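One structure is given here, and the rest of the page talks about it.
Below, each value reflects all heavy atoms present in this structure, side chains not excepted, and no hydrogens, waters or symmetry copies. These figures come from a predicted structure and were not determined experimentally.
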Amino acid sequence: MDRILGYLAMVYIFLPWRPIVVLVAAILFVNINGTELYGWQAGLAHGLFFLPNLVRHLFDGDVLFKATNCTTGYLVAWWIATVGSCLKDMTKSYETGECLNGEE
């Protein structure tokens, strides 16, 4: 048990603070309700927080990363924001040399 707590402490210490802030923001501000009808403005917000909500969905299947009851405008805005935010994260990690394979 002490070994597991030690590993968790090491992960917490070396984990950058930005993902934690984004996850907290996703929990507080962008919690998706499955029964509410969402428009294009919500599609932009949900698309921008796609990755944090996807991580939350992997740990808790009740958390949605995309609304089930939505308009066509929501779908268009969600795809634009999702692709834009994912491309931004990928190009940012490529420019700083933080690629997955360790090469620049």
Which residues pass the side chain to side chain contact (heavy atoms under 4.5 Å, CB included) test with Ile80, sequence neighbours left out?
Val76
About how many Å separate OH of Tyr38 and OG1 of Thr68, when rounded to the nearest 0.5 Å?
9.0 Å
Determine whether Trp79 and Phe65 fall in the same hydrophobic cluster, where Ile, Leu, Val, Met, Phe, Trp and Tyr are linked whenever their side-chain heavy atoms lie under 4.5 Å apart.
yes
Ignoring hydrogens, what is the shortest heavy-atom contact between Gly47 and Trp78? Give both atom names and the distance.
N-CD1, 3.6 Å
Applying side chain to side chain donor-acceptor pair (under 3.5 Å), name anything that partners Thr72, two or more places apart in sequence or on another chain.
none
Could you check Asn69 against Thr35 for side chain to side chain contact (heavy atoms under 4.5 Å, CB included), going step by step and ending with a plain yes or no?
CA-CA 6 Å; Asn69 189 14; Thr35 60; 5.9 Å; no
Please name the pair of heavy atoms, one in Ala81 and one in Leu44, separated by the smallest distance, quoted to 0.1 Å.
CB-O, 3.6 Å
Taken to the nearest 0.5 Å, the spacing of Ile32 CD1 from Lys66 NZ works out to 10.5 Å
Using distance only, find each side-chain donor-acceptor pair of residues 49-60 under 3.5 Å and give its atom names and separation, not counting sequence neighbours.
{"residue": "Asn53", "atom": "OD1", "partner": "Arg56", "partner atom": "NH1", "Å": "3.0"}
{"residue": "Asn53", "atom": "ND2", "partner": "Phe49", "partner atom": "O", "Å": "3.3"}
{"residue": "Arg56", "atom": "NH1", "partner": "Ala26", "partner atom": "O", "Å": "3.4"}
{"residue": "Arg56", "atom": "NH2", "partner": "Asn31", "partner atom": "OD1", "Å": "3.4"}
{"residue": "His57", "atom": "ND1", "partner": "Val63", "partner atom": "O", "Å": "2.6"}
{"residue": "Asp60", "atom": "OD1", "partner": "Asp62", "partner atom": "N", "Å": "3.3"}

Taking the six-membered ring where the residue is Trp, are the ring centres of His46 and Tyr74 under 6.0 Å apart?
yes
